[in-house]
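Residue numbering restarts at 1 for every chain, and letters A, B, ... go by the order of the sequence lines. Please read these numbers as outputs of a predicted model, since none were measured by experiment. What you see below is based on every heavy atom in this structure, not just the backbone, and it leaves out hydrogens, waters and symmetry mates.
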Protein chains: 2
Amino acid sequence: MLKEERLQKIIEQIAQDNKVVLDDLSRLLNVSTDTVRRDIKELSDKGLLKAVRGGAIIGSPVHPHFKERQHIDTQHKKVIAQKALEFIKPGQVIILNGGTTTTAVIAALPRDINLTVITNSFPVVSILEDYPHVTVFFIGGELNKHAFSTTGHETIEAIRNFRADVCLLGICSIDLKLGLTGFTYQESLVDRAMIETSKYVIALSTYDKIGASDPYYVCAANAIDVIVTEKDPSTTDLSGFKEAGILIK
Amino acid sequence: MLKEERLQKIIEQIAQDNKVVLDDLSRLLNVSTDTVRRDIKELSDKGLLKAVRGGAIIGSPVHPHFKERQHIDTQHKKVIAQKALEFIKPGQVIILNGGTTTTAVIAALPRDINLTVITNSFPVVSILEDYPHVTVFFIGGELNKHAFSTTGHETIEAIRNFRADVCLLGICSIDLKLGLTGFTYQESLVDRAMIETSKYVIALSTYDKIGASDPYYVCAANAIDVIVTEKDPSTTDLSGFKEAGILIK
DNA sequence: AAATATATTGCATAATATTGCAATATGAAA
DNA sequence: TTTCATATTGCAATATTATGCAATATATTT
């Protein structure tokens, strides 16, 4: 039986009984309990269930789609997330937009950190849900069913009522002349509002998005304080940005 | 039985009866009283109940976690949900609060219905996420990690910007004289704001909550248009409500 | 105070988890 | 194809956790 089949069956079992037991699965799937344990761990990392001693139980009532964390585990995003952590200090107020990169940063936070997080992203909420010392403010608005976040007039207005220490912006295109640009109009408006209300702005961007551009303008390049990429800054040539006073990490 | 299952059952018992007894649990869960005692201690450490000699009682007015409540009374909730559907017409604007009962109503909606739904409940959003013709407005605010909903000043303010055709209120206590009352202060404020902004108010309540009361006042009984319970209205004696012009379903 | 019920503690046993490792399978690159 | 890297799986050794039992202590009732 393929591994994916096993994972599928485990999910089905959970949906049916709200729980699974290691030994049962081991017999049912014809693999060792070690393997089942590893399978459960994998599903647990994706947030699809909660691993407990002896098996697993159903996770939070939040739709699995809001927990799509499969894509936050890529090597690049892990590196970026790890680097971004250095800019987040206990006690701060952080604002972040939707997207898998910001979600990866949140997932990398130590579980006992003390923070206030302001976000319009449902996956971020689903992670922070059980961080005991993180206060979450969710920014309302119209649900964007593709991005798992809210946008629109209410969202922009709500953002203006906050002041954040740090703004974390998920992957976007950055060009020295064209500035920050985004792929959808609604999200670019949200990003702009978040930047305007924050003291310190960190753009998370894969290296190939630097010098690129997208259709919707967000802000000028110099509104950004730091750019975090997956590459070692000493091996990159981003002198233009450095001269403009932007830190490259 | 998994340990986590036991803990959940204990929580459910507490939510249902406001108390649990060591010996009963020991028999029910097929473990020694020592183990039950340790379980209770664990839950008590998490603040989910208060350990007392011989068992445990409900702790501070802290909500049991949504996760633990969603499997309680499911039969009643399904009946209530089905009855409530009759009041929801395509094209309407519906506003609903958090809670497992309203979530059950939403889960019972036909998938192709055309609606605008305004809510502060994450589980509701996660269900509607793949209803193609439902527009969802999410009401932002501070995340309440137990109820999976938002509350607070931002939430109230945001609600006032909407006008709904129908307001669906999850299970709450209703008394003819004392009016609608709720279990937490923050949620009672949200409920009140939702009622004030709606044309037609439907209260979803299990029969045993009628005539009961909770600590926080929401509104007078006559602010409600319909009460939906799990019982057949012809078998109930709620004449007082009927005389006050409230429809019983 | 005596009798009874409940708590606490330490301990033994069994169940489960973790880790490193080796065998095998899988897929990509030469 | 061959070769190399990587992923998957089971196994064994060790660590951790869960559970019941018994001895003792503490509270509650009569």
Side-chain angles (χ1 to χ4, degrees), chain A residues 1-14 17-59 68-79 82 104 107-108 110-112 130 132 208 230, chain B residues 1-14 17-59 65 67-68:
Chain A
M1 180 178 307
L2 297 173
K3 184 180 161 194
E4 293 302 323
E5 286 184 81
R6 290 202 315 266
L7 299 181
Q8 195 58 45
K9 294 219 178 201
I10 295 175
I11 296 282
E12 280 170 21
Q13 281 264 331
I14 286 270
D17 305 337
N18 292 341
K19 68 153 186 178
V20 288
V21 179
L22 262 177
D23 287 335
D24 294 353
L25 286 178
S26 168
R27 238 171 298 123
L28 181 71
L29 305 172
N30 280 311
V31 288
S32 70
T33 56
D34 301 74
T35 302
V36 176
R37 203 174 280 118
R38 277 181 281 233
D39 288 349
I40 285 178
K41 170 143 194 349
E42 197 173 325
L43 293 170
S44 159
D45 287 344
K46 286 185 192 165
L48 297 175
L49 45 71
K50 185 174 175 206
V52 299
R53 192 180 177 85
I57 58 175
I58 194 165
E68 290 287 343
R69 298 177 199 161
Q70 14 293 55
H71 304 301
I72 70 175
D73 272 350
T74 63
Q75 213 47 42
H76 285 173
K77 279 177 197 163
K78 271 188 189 164
V79 175
Q82 212 55 46
R111 266 189 53 84
D112 58 346
D130 39 33
D208 60 321
E230 77 278 15
Chain B
M1 181 178 312
L2 299 172
K3 184 184 158 194
E4 302 297 325
E5 285 185 85
R6 288 203 317 264
L7 298 181
Q8 288 203 3
K9 294 216 182 206
I10 295 175
I11 296 281
E12 283 173 22
Q13 282 265 330
I14 286 269
D17 305 338
N18 291 346
K19 66 159 190 179
V20 287
V21 179
L22 264 177
D23 287 334
D24 294 352
L25 286 178
S26 168
R27 239 172 298 122
L28 181 72
L29 305 172
N30 279 311
V31 288
S32 71
T33 55
D34 300 75
T35 302
V36 176
R37 203 173 279 118
R38 276 182 280 234
D39 287 350
I40 286 178
K41 172 153 193 340
E42 196 173 327
L43 293 170
S44 157
D45 288 345
K46 285 188 196 158
L48 296 175
L49 45 71
K50 188 170 174 211
V52 297
R53 192 180 175 83
I57 56 173
I58 196 160
H65 204 272
K67 245 187 267 183
E68 278 116 26

A.B. asks: Would you kindly give the CG-to-C1' distance between B/L2 and C/dT16, to the nearest whole Å?
C.D. replies: 12 Å

A.B. asks: Please report the distance, rounded to the nearest Å, between NZ in B/K3 and P in D/dG20.
C.D. replies: 12 Å

A.B. asks: Under 4.0 Å between any heavy atoms, over every strand shown, what does B/V52 touch: base, sugar-phosphate, or nothing? Just pick one.
C.D. replies: sugar-phosphate

A.B. asks: Between atom CD in A/E42 and atom C1' in D/dT9, what is the gap in whole Å?
C.D. replies: 13 Å

A.B. asks: To the nearest 0.5 Å, how far apart are CG in A/L43 and CD in A/Q8?
C.D. replies: 9.5 Å

A.B. asks: Just to be sure I understand the geometry, which residues of residues 25-36 of chain B put a non-hydrogen atom under 4.0 Å away from DNA chain D?
C.D. replies: B/V31, B/S32, B/D34, B/T35

A.B. asks: Do A/V31 and A/R6 come close enough that some side-chain heavy atom pair is under 4.5 Å?
C.D. replies: yes

A.B. asks: Mind checking the OG1-CG spacing from B/T33 to B/D23? Nearest 0.5 Å is all I need.
C.D. replies: 7.0 Å

A.B. asks: Evaluate the side-chain proximity of B/V36 to B/V20: yes if any heavy-atom separation is below 4.5 Å, no if none is.
C.D. replies: no

A.B. asks: Can you check the B/L22 CG to C/dT6 P distance for me, whole Å?
C.D. replies: 8 Å

A.B. asks: Please report the C-alpha distance between A/K19 and B/E4 in whole Å, then the side-chain angles of each, then the deciding distance to 0.1 Å, and finally whether the salt bridge (Lys or Arg N to Asp or Glu O under 4.0 Å) criterion is met.
C.D. replies: CA-CA 10 Å; A/K19 68 153 186 178; B/E4 302 297 325; over 6 Å; no

A.B. asks: What's the CD-P distance between B/E4 and C/dA17, to the nearest Å?
C.D. replies: 11 Å

A.B. asks: With side chains defined as the heavy atoms from C-beta onward, is the minimum distance between B/I10 and B/L29 less than 4.5 Å?
C.D. replies: yes

A.B. asks: Kindly point out which of C/dG20, D/dT19, C/dA7 is positioned nearest to the side chain of A/R38?
C.D. replies: C/dG20

A.B. asks: Look at the side chain of A/S44 and the backbone N and O of A/K50, then say whether any donor-acceptor pair between them is shorter than 3.5 Å.
C.D. replies: no

A.B. asks: Check every atom of C/dT8, D/dT9, D/dT19 against the side chain of B/R37 and return the nucleotide holding the closest atom.
C.D. replies: C/dT8

A.B. asks: Any side-chain heavy atom of B/K3 sitting closer than 4.5 Å to one from A/V52?
C.D. replies: no

A.B. asks: In whole angstrom, what separates A/I40's CD1 from D/dT9's C1'?
C.D. replies: 16 Å

A.B. asks: Measure from the side chain of B/R53, starting at C-beta and using heavy atoms only, and say which of D/dA18, D/dA27, C/dT8 lies closest.
C.D. replies: D/dA27

A.B. asks: Any Lys/Arg nitrogen of A/R38 or A/D34 sitting under 4.0 Å from an Asp/Glu carboxylate oxygen of the other?
C.D. replies: no

A.B. asks: Can you give me the bend angle of the helix from C/dA1-D/dT30 to C/dA30-D/dT1? Use the axis through the first five pairs and the one through the last five, nearest 10 degrees.
C.D. replies: 30°

